[in-house]
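Everything below concerns the one structure shown next.
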Amino acid sequence: MTLTYSAKAVLDRIDLADPQLFAEPGHHRVFRLLRDHAPVHWNPQQSEPGFWSVTRYEDCLAVQKDGATFSSAGTNTLGAQRWTGDEGSGRMLTHTDGPRHTELRQLVNRAFTPRAVARLEPYIRSVIRQSLDEALEQGEVDFVDTVALLPVASIAALLGVPQEDWALLLRLTTAAFGSADQDLRTSPSARASAAMAHAQLLLYCQDLMSQRRVSPREDIVTSLVEAQDKGLLDEEGAMLFFDLLLLGGNETTRHGAVGSLIAFMEHPEQWQRLRADRGLLNTAVGEVLRYVSPSQHVLRRAERDVELHGVRIEAGQDVAIWHFSANRDERVFADADRFDIARTHNPHLALGSGPHYCLGAALATMELRLFLDELCERVGSAVMIEPPVRLASTVISGYKHLRVRLLPA
Ligand code: HEM
């Protein structure tokens, strides 16, 4: 007996909110089916009202750019707090719209300009060198750990977090972000695990702000204290900001670096090409962001009834924007599944678009450029010891483990 499924029948059986789906590399095929056969797709859910998914480039871009129709104010990812309420709603940068969003962004904007982050370049380069040299010395390593300090050290320097606390913050951000994956939880419940990690991060910020109140410095935590003094933020709002900056900048960049090594191991000719011509570093970073797409989706809520591809989205319904799918859309990217570090037409959406475009874009691209540059300088090749283990997460495209041996250049 043969069993045939139509594309619709296949898609109706898949829950895109299930983190396990993303633990399998095959999820790319599911999203190709969605792009081709159901570009605006309704995903029912048992205990919640369900949500729409947009998977084509043009729709992802349009929804993200139209902040007036598609609001960020409720929550911005699928997950436990979607309907039960998110503490950041209407208060945190990512969870606000319109003038309040602009006001919040202006509080920290100047710390993230290309010129401001360029000042960190020598320091970030030294962190990468040290991590890679240690990994080369150790022989076999879990590369997910090797690159863990790169983003923490970078954002910690901007925030003003002392070096002795980096390891603690790394542990907390991993638990806060990775709680959908049961291996990374600090308690059996995803929600409790994330809540405990966030609570510690908030309290950490509270303590640091008390210190900065007494002795201000040139860092973001001091800017958050000043914003409170000017009545632009309350204390909790400042703590949420700190939590957001740490989380936003951490797992995304870390898994961008991990994903880049996997992409180069799978495409050794691209690795040789980059090593032979570092002039390709900038296009290589763009291609890594497109191909890896560390941020998989963001969520918006429709403010009014609206139509997309003849499908009616009602006011109050949620829409998931799948960046990584947009970045593999054959309608925009030639040979979209090919990893090509010299790709020139690459308007990827890995860092989002519209009013919430990644605040840390200049920092993230600099970190990845320095990472690839130092990798070329120090590492000749990498050998996979075990198949990489993917993270079960709808939010981050990443790995729990990547056991490799690095061989020197
Ligand atoms: C490869 C690394 C990174 C990726 C893939 C990434 C991706 C994204 C994406 C897709 C958004 C849009 C969210 C939305 O539309 O709701 C975003 C926003 C944001 N990112 Fe990044 N990001 C990265 C690195 C960073 C870094 C290093 C920071 C530094 C703190 C950062 C901070 C933020 C913040 C604060 C927002 C919110 C902006 C707003 O709501 O106005 N990100 N990021």
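Predicted model, so just to flag it, every value in this text is computed and none were measured. Order of appearance sets the numbers: ligands from 1, and atoms from 1 within every ligand.
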How are the rings of H356 and H101 set to each other: parallel, tilted or perpendicular (split at 30° and 60°)? tilted
Could you please spell out the steps behind the side-chain contact (heavy atoms from CB on, under 4.5 Å) verdict for E367 and F371? CA-CA 6 Å; E367 286 177 59; F371 167 73; over 6 Å; no
For ligand 1, is any non-hydrogen atom under 4.0 Å from I321's backbone (N, CA, C, O), its side chain (CB onward), both, or neither? neither
I'd like to know whether ligand 1 has L289 as a neighbour, heavy-atom separation below 4.0 Å. yes
Counting only heavy atoms, which portion of A350 has something under 4.0 Å from ligand 1: side chain, backbone, both, or neither? backbone
Quick one: closest heavy-atom pair of W166 and A156, and the distance? NE1-CB, 3.3 Å
Side-chain H-bond candidate by donor/acceptor type, N327 with H348, under 3.5 Å: no
With a 4.0 Å cut-off on heavy atoms, does G256 reach ligand 1? no
Would you kindly specify which portion of L93 sits under 4.0 Å from ligand 1, judged on non-hydrogen atoms: side chain, backbone, both or neither? both
Which one of L359, L351, L245 has a non-hydrogen atom at the shortest distance from atom 6 (C) of ligand 1? L351
Does ligand 1 have any atom that is closer than 4.0 Å to a heavy atom of H95? no
Nearest option to atom 37 (C) of ligand 1, as decided by whichever heavy atom of L363, T253, T94 sits closest: T94
Contact atoms of ligand 1, heavy-atom distance to F112 under 4.0 Å: 29 (C), 30 (C)
What is the distance from atom NE2 of H41 to atom CG of L33, rounded to the nearest 0.5 Å? 10.5 Å
Check for me whether S72 has a heavy atom closer than 4.0 Å to any atom of ligand 1. no
Would you say H101 contacts ligand 1, with heavy atoms under 4.0 Å as the rule? yes
Atoms of ligand 1 less than 4.0 Å from Q64 heavy atoms? 15 (O)
Between D219 and T222, a side-chain donor and acceptor under 3.5 Å: yes
Is the NZ or CZ atom of R343 both under 6.0 Å from the centre of the six-membered ring of F333 and within 45° of that ring's axis? no
